[in-house]
Amino acid sequence: MDNVSVWVNGEEKVLEITDGYFNLILFADSIEVRLTYNMPVLKWQANPNVKSAYGKVAFQKGPFIYAAEESDNESALHLYHVKGEPVAIDIEDEVLGPISVIDVPAQKLEQTEPSSLYYLYQKPGYLEKNLRLIPYYCWANRDTGEMRVWLNDGGE
């Protein structure tokens with residue numbers, strides 16, 4: 001429990017945290033307790049034996065897993081590779097209301113329009129992009145489109 005703060009009736013209390021727990025004993029008819037704690041963005045990876053998730057990462061903030069949705073990004077989400085540090089931002093969405101989103105730098109494979117399904121190898125090009133992630137519970141509330149939780153890892 002890093003960076004946990006507790007205020008009781010506007011006064012900050014000093015906590016003694018043992019094994020991730022603290023005791024707070026209060027005696028009063030009316031008490032206001034305010035608890036704040038750091039919720040960093042966590043980057044997850046699956047066990048390499050999970051074939052469908054190998055080379056991919058997922059993001060979490062607090063208790064929520066996040067997803068990329070086509071509503072906030074371009075289509076073909078499978079072409080993105082996340083790179084760099086994610087940043088959490090609090091926004092007010094017209095449909096979803098006040099939510100915390102994650103913006104993560106990414107590169108998107110630059111697509112060419114080959115004339116056939118298979119063609120000789122060409123070194124891929126990438127476009128610098130930003131990928132916006134929303135809490136998983138919010139997806140499919142705005143538009144029809146793709147959604148991905150496990151994103152290609154760009155190696156940073």
Side-chain angles (χ1 to χ4, degrees), residues 1-10 12-13 15 17 19-24 26 30-114 117 124-156:
M1 291 178 56
D2 295 336
N3 300 325
V4 176
S5 301
V6 175
W7 285 268
V8 177
N9 293 332
E12 186 172 6
K13 298 294 183 184
L15 300 175
I17 301 172
D19 296 328
Y21 293 92
F22 64 88
N23 290 319
L24 191 59
L26 305 169
S30 177
I31 299 172
E32 178 187 321
V33 177
R34 185 168 44 120
L35 173 68
T36 61
Y37 54 98
N38 184 20
M39 290 194 307
V41 175
L42 303 175
K43 187 176 181 179
W44 289 90
Q45 66 183 16
N47 182 303
N49 292 318
V50 180
K51 294 176 186 177
S52 63
Y54 177 74
K56 297 186 183 332
V57 294
F59 292 90
Q60 175 184 2
K61 181 176 183 275
F64 302 114
I65 296 296
Y66 279 69
E69 189 175 33
E70 190 175 338
S71 296
D72 299 307
N73 305 287
E74 297 170 0
S75 63
L77 295 172
H78 68 284
L79 299 178
Y80 284 89
H81 290 77
V82 296
K83 301 179 75 73
E85 292 299 314
V87 176
I89 303 166
D90 293 330
I91 66 164
E92 179 74 36
D93 185 87
E94 181 178 299
V95 175
L96 304 176
I99 61 169
S100 185
V101 299
I102 296 173
D103 283 346
V104 61
Q107 290 183 325
K108 186 176 183 184
L109 180 68
E110 191 172 26
Q111 282 190 285
T112 57
E113 296 298 326
L117 185 58
Y126 292 91
L127 302 170
E128 298 296 321
K129 298 285 185 176
N130 182 67
L131 197 58
R132 170 143 299 174
L133 311 177
I134 61 170
Y136 178 80
Y137 72 84
C138 291
W139 79 278
N141 283 293
R142 297 174 291 174
D143 293 319
T144 303
E146 295 179 72
M147 181 279 294
R148 289 179 72 87
V149 171
W150 289 101
L151 304 164
N152 298 318
D153 185 15
E156 289 184 26

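Computed from a predicted structure; not experimentally measured.
With rounding to the nearest 0.5 angstrom, the CD1 atom of Ile134 is 7.5 Å from the CG atom of Asn141. Separating the CD1 atom in Ile102 from the CG atom in Asn130 is a distance of 11.5 Å, to the nearest 0.5 Å.
In Asn23, the CG atom is not crowded: 12 or fewer heavy atoms of neighbouring residues, nucleotides or ligands sit closer than 6.0 Å. Within 6.0 Å of atom CH2 in Trp44, 12 or fewer heavy atoms from other residues, nucleotides or ligands are found, so the atom counts as exposed in its surroundings. No more than 12 heavy atoms of other residues, nucleotides or ligands lie within 6.0 Å of OH in Tyr54, so this atom counts as exposed by the packing criterion.
Inter-residue side-chain proximity for Ser5 and Glu12 is flagged as met; some heavy-atom pair is nearer than 4.5 Å. Between Gln111 and Leu79 the shortest side-chain heavy-atom distance falls below 4.5 Å.
The minimum heavy-atom distance between Cys138 and Ile99, with the atom names listed, is SG-CG2, 4.2 Å. Of all heavy-atom pairs between Met39 and Pro63, the closest is SD-CD, 4.4 Å. Taking every heavy atom of both residues into account, Tyr80 and Ala76 meet most closely at CD1-O, 3.9 Å. Heavy-atom minimum distance, Arg132 versus Ile89: NH2-CD1, 4.1 Å. When all heavy atoms of Ala88 and Val41 are compared, the pair lying nearest together is CB-CG2, 3.9 Å. Among all heavy-atom pairs drawn from Ala106 and Leu131, the shortest one is CB-CB, 4.2 Å.
Applying the side chain to side chain donor-acceptor pair (under 3.5 Å) test to pairs two or more places apart or on separate chains, those with a residue in residues 62-72 are Glu69-Arg142, Asp72-Arg142.
For the pair Asp153 (side chain) and Lys56 (backbone), a donor-acceptor distance under 3.5 Å is absent. The main-chain N or O of His78 is found under 3.5 Å from a side-chain atom of Asn152 such that the two form a donor-acceptor pair. Remark: side-chain polar atoms of Lys13 are not paired, donor with acceptor, to backbone N or O of Val6 under 3.5 angstrom.
Listed by chain and residue number, Lys108, Lys129 satisfy the side chain to side chain donor-acceptor pair (under 3.5 Å) test with Glu74 (two or more places apart in sequence, or in another chain). In this structure, the side-chain contact (heavy atoms from CB on, under 4.5 Å) partners of Glu92, at least two apart in sequence or on a different chain, are Pro98.
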Begin from the C-alpha positions of Asn73 and Glu146 and carry the test side chain to side chain contact (heavy atoms under 4.5 Å, CB included) through to its verdict. CA-CA 10 Å; Asn73 305 287; Glu146 295 179 72; over 6 Å; no

Evaluate Met147 against Tyr136 for side chain to side chain contact (heavy atoms under 4.5 Å, CB included), listing each step before the verdict. CA-CA 9 Å; Met147 181 279 294; Tyr136 178 80; 3.6 Å; yes

Run Leu151 and Leu133 through side chain to side chain contact (heavy atoms under 4.5 Å, CB included) and show every step you take. CA-CA 11 Å; Leu151 304 164; Leu133 311 177; 3.8 Å; yes

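The aromatic rings of Tyr126 and His81 stand perpendicular to each other, their planes meeting at an angle above 60°, with 30° marking the opposite boundary.
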